[in-house]
Amino acid sequence: MRGEQEKSSTRTRHPRRGVRPAVIGPATHHYYKHQQIHPRTSPIDLYQGCPKGEHQNLVTEDITVVEGEVAIISCRVKNNDDSVIQLLNPNRQTIYFRDVRPLKDSRFQLVNFSSNELRVSLSNVTLEDEGRYLCQLYTDPPQEAFTTITVLVPPHNLVIDVQKDTYVEGEEVEMNCTALASKPAGTIRWFQGNKALTAVKTDVEYMEERMFRVRSQLVLTAKREDDGIPIVCLVDHPAVKDLQTQQYLDVQYKPMVSVSVKYPQGLTREGETLELVCSATGKPRPESILWQRVDDDLPEHVLILGDNLLFGNLNKTDNGTYRCEASNSVGSASADYTLFVYDHPTTLPPPTTTTTTTTTTTTPFIITDTWAGDETPLVVDHAVIGGVVAVVVFAMLCLLIILGRYFARHKGTYFTHEAKGADDAADADTAIINAEGGQNSCEEKKEYFI
């Protein structure tokens with residue numbers, strides 16, 4: 001009986017039905033003393049006499065935070081009757097007991113404390129802070145809720161390695177992009193301008209302390225269009241956005257050559273001046289430009305003025321193919337221009353005819369096409385002219401035949417009227433009388449000559 005009395009004397013109920021934390025520190029000891037609770041009181045003893053917590057609900061959420069940022073841990077209670085809430089770390093050390101922080105880690109700070117919530121902030125989060133944190137509500141029976149803190153570590157560095165700085169067109173280019181020390185492992189993508197490129201292979205290597213290293217390899221063929229265009233390595237990671245690095249390609253290529261006419265515009269004719277311009281681009285810049293005539297020597301009157309070729313007085317002997325060739329340290333290239341010299345246009349006299357003979361001399365005429373500045377001689381076909389003349393002559397002959405028949409018909413009717421009434425007369429006198437006066441009863445006779 002005495003032992004039971006001594007035991008009961010040490011069992012002092014918490015007026016707010018509290019219990020000592022898992023780790024007793026000076027602050028917690030002060031709290032118990034202030035609340036008239038013995039520091040060594042068992043949690044089971046404190047649970048006795050507590051009302052049932054069937055209608056209470058302890059709620060918390062998992063947290064994902066980037067290394068170095070702030071995590072907010074919240075333990076919330078619905079329908080709380082002023083039961084004690086505490087927060088413990090993964091090592092089961094009490095971080096906060098109500099509004100008291102027994103743990104000496106100053107990175108934990110109280111954000112809000114009430115009968116329904118205990119909210120704590122953890123600043124400058126490190127990878128060591130990752131784990132399961134426990135929210136406890138001291139009821140009978142006690143309630144617990146776990147919240148998991150996941151720490152994300154962005155890649156510390158993103159590097160592109162290349163074999164050499166300068167490439168020649170047609171060579172194979174190999175690039176390696178490495179994302180160092182990230183959690184979780186990132187995903188590497190390649191771009192050239194707005195065009196997505198496909199990596200040859202990607203390796204993921206596990207490092208210490210739950211960190212990963214990712215390496216991606218890209219292989220492509222160097223082209224002149226790639227010169228000065230950046231190759232972009234971009235990593236997708238939940239802890240960082242738009243983390244990328246780029247490498248510019250330096251591609252050398254042989255010249256590109258073209259030949260154009262500076263003047264004249266249009267046909268090249270005898271006696272005129274012609275100037276050809278040779279344009280050459282390459283990397284490095286073309287060292288020299290050479291003009292030559294294919295299968296022959298350049299005419300003596302032709303001048304080479306820098307990259308241009310000048311013909312002072314064109315003639316038929318200048319006809320041929322002229323080539324411009326440019327070269328640099330990578331290679332050489334050329335372009336050709338074919339020259340054809342046309343006759344100089346002449347003014348011809350109009351067609352003339354002679355009166356002493358029946359032969360008409362007609363000089364062929366030339367129609368000059370001046371559309372868009374080009375003077376192109378067009379010779380009219382004499383067969384077409386002959387056909388037109390034949391059609392006109394045929395039409396006139398037909399008209400003459402029709403007119404002849406018309407006049408011939410009217411002439412026959414006239415001569416028949418002269419003998420009218422003479423055929424039925426008994427003698428010559430009667431015939432003359434009938435021809436002059438005529439008898440109405442006599443039938444008229446007409447003859448028609450066709």
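Everything numeric in this text was worked out from a predicted model, so none of it was measured.
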- Taking the side chain from Asp250 and the backbone from Thr166, do they hold a donor-acceptor pair closer than 3.5 Å? no

- Note on the structure: Taken in chain and number order and not counting sequence neighbours, the residues that satisfy side chain to side chain contact (heavy atoms under 4.5 Å, CB included) with Gln192 are Leu197, Asp226, Ile229, Ile231

- Identify whether the distance between the nearest side-chain nitrogen and carboxylate oxygen of Glu117 and Arg119 falls below 4.0 Å. yes

- Scan residues 230-262 for pairs that pass disulfide (SG to SG under 2.5 Å), counting only residues two or more places apart or in two chains. Cys177-Cys233

- Query: Atom OG1 in Thr273, atom CG in Asn313: separation rounded to 0.5 Å?
  - Reply: 7.0 Å

- Item | Gln265 side chain vs Lys262 backbone, donor-acceptor pair below 3.5 Å | yes

- Please identify each residue that fulfils side chain to side chain contact (heavy atoms under 4.5 Å, CB included) with Thr147, with sequence neighbours left out. Thr60, Asp62, Ile63, Ile73, Tyr133

- Worked check of side-chain contact (heavy atoms from CB on, under 4.5 Å) between Gln163 and Glu171: CA-CA 12 Å; Gln163 296 176 336; Glu171 288 186 342; over 6 Å; no

- Item | Nearest-0.5 Å distance that lies between atom CE in Met175 and atom CD in Gln217 | 12.0 Å

- Would you indicate whether the side-chain heavy atoms of Leu243 and Pro155 approach each other to under 4.5 Å? yes

- Could you tell me whether the side chain of Asp105 and the main chain of Arg107 form a donor-acceptor pair under 3.5 Å? yes

- Item | With Tyr322 via ring-ring contact (aromatic ring centres under 6.0 Å, His included) - residues at least two apart | Phe311

- Item | CG on Leu310 to CG on Leu274, rounded to 0.5 Å | 8.0 Å

- Message: I'd like to know if the side chain of Tyr96 reaches the main chain of Leu118, judged simply by a donor and an acceptor atom lying under 3.5 Å from each other, with no hydrogens or angles considered.
- Response: no

- Can you check side-chain contact (heavy atoms from CB on, under 4.5 Å) on Leu127 and Val153, steps first, answer last? CA-CA 8 Å; Leu127 197 59; Val153 181; 4.1 Å; yes

- Salt bridge check: are Arg213 and Asp203 linked by an N-O gap of less than 4.0 Å? no

- Here the disulfide (SG to SG under 2.5 Å) pairs for residues 271-313, sequence neighbours left out, are Cys278-Cys324

- Query: Would one find more than 12 heavy atoms of other residues, nucleotides or ligands at under 6.0 Å from atom NZ of Lys241?
  - Reply: no

- Take Asn315 and His301 through the side-chain contact (heavy atoms from CB on, under 4.5 Å) test and state the conclusion after the steps. CA-CA 11 Å; Asn315 56 69; His301 63 279; 4.0 Å; yes

- Query: What residues, two or more places apart in sequence or in another chain, satisfy side chain to side chain contact (heavy atoms under 4.5 Å, CB included) together with Thr187?
  - Reply: Asp236

Donor-acceptor contacts, no H, no angles, side chain residues 286-295, under 3.5 Å, sequence neighbours left out:
residue: Trp291; atom: NE1; partner: Asp307; partner atom: O; Å: 3.0
residue: Arg293; atom: NH2; partner: Thr317; partner atom: O; Å: 3.0
residue: Arg293; atom: NH2; partner: Asn319; partner atom: O; Å: 2.6

- Message: So does Leu103 get a backbone contact from the side chain of Thr94, meaning a donor-acceptor N/O pair under 3.5 Å?
- Response: no

- Would you say the side-chain atoms of Arg98 pair up with the backbone N or O of Val100, donor to acceptor, closer than 3.5 Å? no

- Task: Could you tell me whether the side chain of Arg92 reaches within less than 4.5 Å of the side chain of Leu134, counting heavy atoms only?
- Result: yes

- Task: Before accepting this row, confirm whether a basic side-chain N of the pair Arg210/Glu130 lies closer than 4.0 Å to the acidic partner's carboxylate O.
- Result: yes

- Task: For the pair Lys183 (side chain) and Val151 (backbone), establish whether a donor and an acceptor sit closer than 3.5 Å, ignoring hydrogens and angles.
- Result: yes

- side chain to side chain donor-acceptor pair (under 3.5 Å) filter on Asn328, not counting sequence neighbours, yields none

- Item | With sequence neighbours excluded, residues passing ring-ring contact (aromatic ring centres under 6.0 Å, His included) with Phe212 | Tyr206

- Query: Under a 4.5 Å cut-off applied to non-hydrogen side-chain atoms, are Val125 and Glu69 in contact?
  - Reply: no

- Item | Glu205 CD to Arg215 CZ distance, which is reported to the nearest 0.5 Å | 10.0 Å

- Message: Suppose we screen for side chain to side chain contact (heavy atoms under 4.5 Å, CB included). Which residues come up paired with Gln246, at least two apart in sequence or across chains?
- Response: Pro230, Val232, Tyr248

- Task: Mark yes or no for whether Lys254, through its side chain, and Ser327, through its backbone, hold a donor-acceptor pair below 3.5 Å.
- Result: no

- Message: Applying ring-ring contact (aromatic ring centres under 6.0 Å, His included), can you list everything that pairs with Tyr167, at least two apart in sequence or on another chain?
- Response: none

- Task: Sort and list the pairs that fulfil disulfide (SG to SG under 2.5 Å) and have at least one residue in residues 77-142, not counting sequence neighbours.
- Result: Cys75-Cys135

